[in-house]
Undergrad: 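Could you have a look at this structure, given as structure tokens, before my questions?
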Amino acid sequence: MSDRESGDEQQQQAQGEQELATRTLTIQSKRFYLDVKQNRRGRFIKIAEVGAGGKKSRLLLAMSTAAEFRDYLTEFSDHYSSLGPPNPENLPEDGKLKSEMITKDNKRYYLDLKENQRGRFLRVAQTVQRGGPRSQIAIPAQGLIEFRDSLTDLLDEFGTDDQEGQSELPESKYMRVENKVFYFDIGSNRRGIYMRVSEVRSNYRTAITIPERSWARFRDILSEYVDKNSSTKKEGE
DNA sequence: TCGGCAG
């Protein structure tokens, strides 16, 4: 565990990552570390959650994303305060009391105010990278304001200026099909350019990542099926 | 008190 920790640190050093500021807050025996960091791609905020049992999870947000997130925190907190006492009778099927989605820098973040036996909390989840750890945190609803205030401090101090030249990637597109929505997001990492196709239903989300070098083959395969399908339709008529 | 239902 601490081996992995120091491994991370070393990797960060090697990547020229520097920490500009940090805030710590404790909400119901959970600790949150909000760090402003910077590497050659720009500034970002790292949110780390450490549970009572030492369980960790983290979330990375570009500054502009963090600003948008901050605004939603107010909204979610307002919504939370407007709720009556927990009422197991009329809880939505999926347990989500309010949902929002942030799309920035070709990444999707899902904000869900949820409720379980323990109480209400805001879950913030980013579409997971294949093979990587799931990227999500859960903030107890009682601490949303405090969380927002800490985030605001950092944003006020370090601005919302992001990596500028990074958004030369194509705009996201989406498509509604029956009861689902598909999102097409173009992103890039050290391995190259890729398309992330997310399928979003009311209570189910999943995504696949398609490397750019295989797009043409995807298109060809789709065309094949489309052509075959339209010819069988003709024959049927 | 301590935790957050997935594929």
Side-chain angles (χ1 to χ4, degrees), chain A residues 1 5 23-34 45-61 65-66 69-70 72-102 107-148 150-151 174-185 194-210 218:
Chain A
M1 169 86 126
E5 267 294 286
R23 291 275 185 293
T24 307
L25 58 162
T26 305
I27 305 171
Q28 294 184 327
S29 81
K30 238 185 202 181
R31 293 204 139 217
F32 291 94
Y33 299 92
L34 310 189
I45 289 188
K46 175 184 165 191
I47 301 174
E49 170 192 324
V50 182
K55 269 177 293 182
K56 292 189 185 178
S57 38
R58 50 178 67 74
L59 199 63
L60 267 36
L61 264 36
T65 314
F69 176 48
R70 189 264 318 273
Y72 276 127
L73 285 174
T74 309
E75 232 181 75
F76 274 97
S77 179
D78 287 348
H79 186 79
Y80 165 65
S81 355
S82 78
L83 295 171
N87 184 355
E89 313 286 272
N90 62 2
L91 188 63
E93 192 62 35
D94 56 3
K96 289 174 191 164
L97 302 163
K98 177 178 166 68
S99 291
E100 295 288 350
M101 190 175 64
I102 298 175
K107 290 192 181 101
R108 285 181 192 288
Y109 298 86
Y110 301 97
L111 316 185
D112 299 303
L113 185 66
K114 304 189 76 182
E115 177 178 305
N116 63 16
Q117 307 86 327
R118 296 256 181 238
R120 288 158 172 162
F121 59 97
L122 181 69
R123 193 187 60 189
V124 188
Q126 192 200 329
T127 47
V128 291
Q129 297 297 101
R130 194 179 138 78
R134 79 167 52 261
S135 209
Q136 64 172 37
I137 56 170
I139 308 166
Q142 295 89 330
L144 286 175
I145 290 294
E146 196 186 345
F147 197 97
R148 183 203 58 189
S150 295
L151 192 53
Y174 72 94
M175 183 171 88
R176 271 174 205 288
V177 181
E178 289 156 22
N179 63 340
K180 48 179 82 164
V181 186
F182 291 104
Y183 292 94
F184 303 85
D185 302 308
Y194 59 87
M195 180 187 296
R196 189 114 179 117
V197 182
S198 302
E199 172 189 342
V200 179
R201 280 185 271 163
S202 58
N203 55 3
Y204 176 67
R205 299 192 274 251
T206 190
I208 60 169
T209 307
I210 309 170
F218 266 83

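In what follows, chains are A, B, ... by sequence order, proteins preceding strands, each numbered from 1.
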Undergrad: Expressed in angstrom and rounded to an integer, what is the separation of F121(A) atom CZ from dC2(B) atom P?
TA: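 After rounding, the gap between these two atoms is 17 Å.
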Undergrad: Once you round it to whole Å, what is the distance between P of dT1(B) and CD of Q28(A)?
TA: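 Nearest whole value for this atom pair: 10 Å.
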Undergrad: Rounded off to whole Å, could you give me the CZ-to-C1' distance for the R120(A) and dC2(B) pair?
TA: 18 Å
Undergrad: Establish whether the base of dG4(B) is bridged to the side chain of K30(A) by a donor-acceptor pair shorter than 3.5 Å.
TA: yes
Undergrad: Between K98(A) and E100(A) (salt bridge meaning N to carboxylate O under 4.0 Å), is one present in this structure?
TA: yes
Undergrad: Using atom CG of L111(A) as one end and atom P of dG4(B) as the other, report the distance to the nearest whole Å.
TA: 19 Å
Undergrad: Please confirm whether F32(A) and F147(A) have ring centers closer than 6.0 angstrom.
TA: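 Ring centres of F147(A) and F32(A) closer than 6.0 Å.
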Undergrad: For the pair made of CD in E115(A) and P in dG4(B), what is the distance, rounded to whole Å?
TA: 16 Å
Undergrad: Nearest-Å distance, CZ (R31(A)) to C1' (dG3(B))?
TA: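 Interatomic distance, CZ of R31(A) to C1' of dG3(B): 18 Å.
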Undergrad: Would you please confirm or rule out a distance under 4.0 Å between OP1 or OP2 of dC5(B) and any side-chain N or O of K114(A)?
TA: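 Yes, such a contact exists.
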Undergrad: Tell me if a side-chain donor or acceptor on E115(A) pairs with a main-chain N or O of L97(A) at a distance below 3.5 Å.
TA: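 No; judged by distance alone, with no hydrogens or angles, the pair does not exist.
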Undergrad: Measure CG/N203(A) against C1'/dC5(B) and give the value in whole Å, please.
TA: 12 Å
Undergrad: With sugar-phosphate meaning primed atoms plus P, OP1 and OP2, does Q136(A) contact a base, only sugar-phosphate, or nothing at under 4.0 Å between heavy atoms?
TA: nothing
Undergrad: Select one nucleotide: of dG3(B), dG7(B), dG4(B), the one nearest the side-chain heavy atoms of Y204(A).
TA: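 Between dG3(B), dG7(B), dG4(B), the one nearest the side chain of Y204(A) would be dG7(B).
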Undergrad: Counting any heavy atom closer than 4.0 Å, what does R123(A) reach on the DNA or RNA strands: base, sugar-phosphate only, or nothing?
TA: sugar-phosphate
Undergrad: Could you state the atom-to-atom distance from CD1 of I27(A) to C1' of dG4(B) in whole Å?
TA: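 To the nearest whole Å, that distance equals 14 Å.
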Undergrad: Look at the side chain of N116(A) and the backbone N and O of G119(A), then say whether any donor-acceptor pair between them is shorter than 3.5 Å.
TA: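 Flag set: sc N116(A) to bb G119(A) pair under 3.5 Å.
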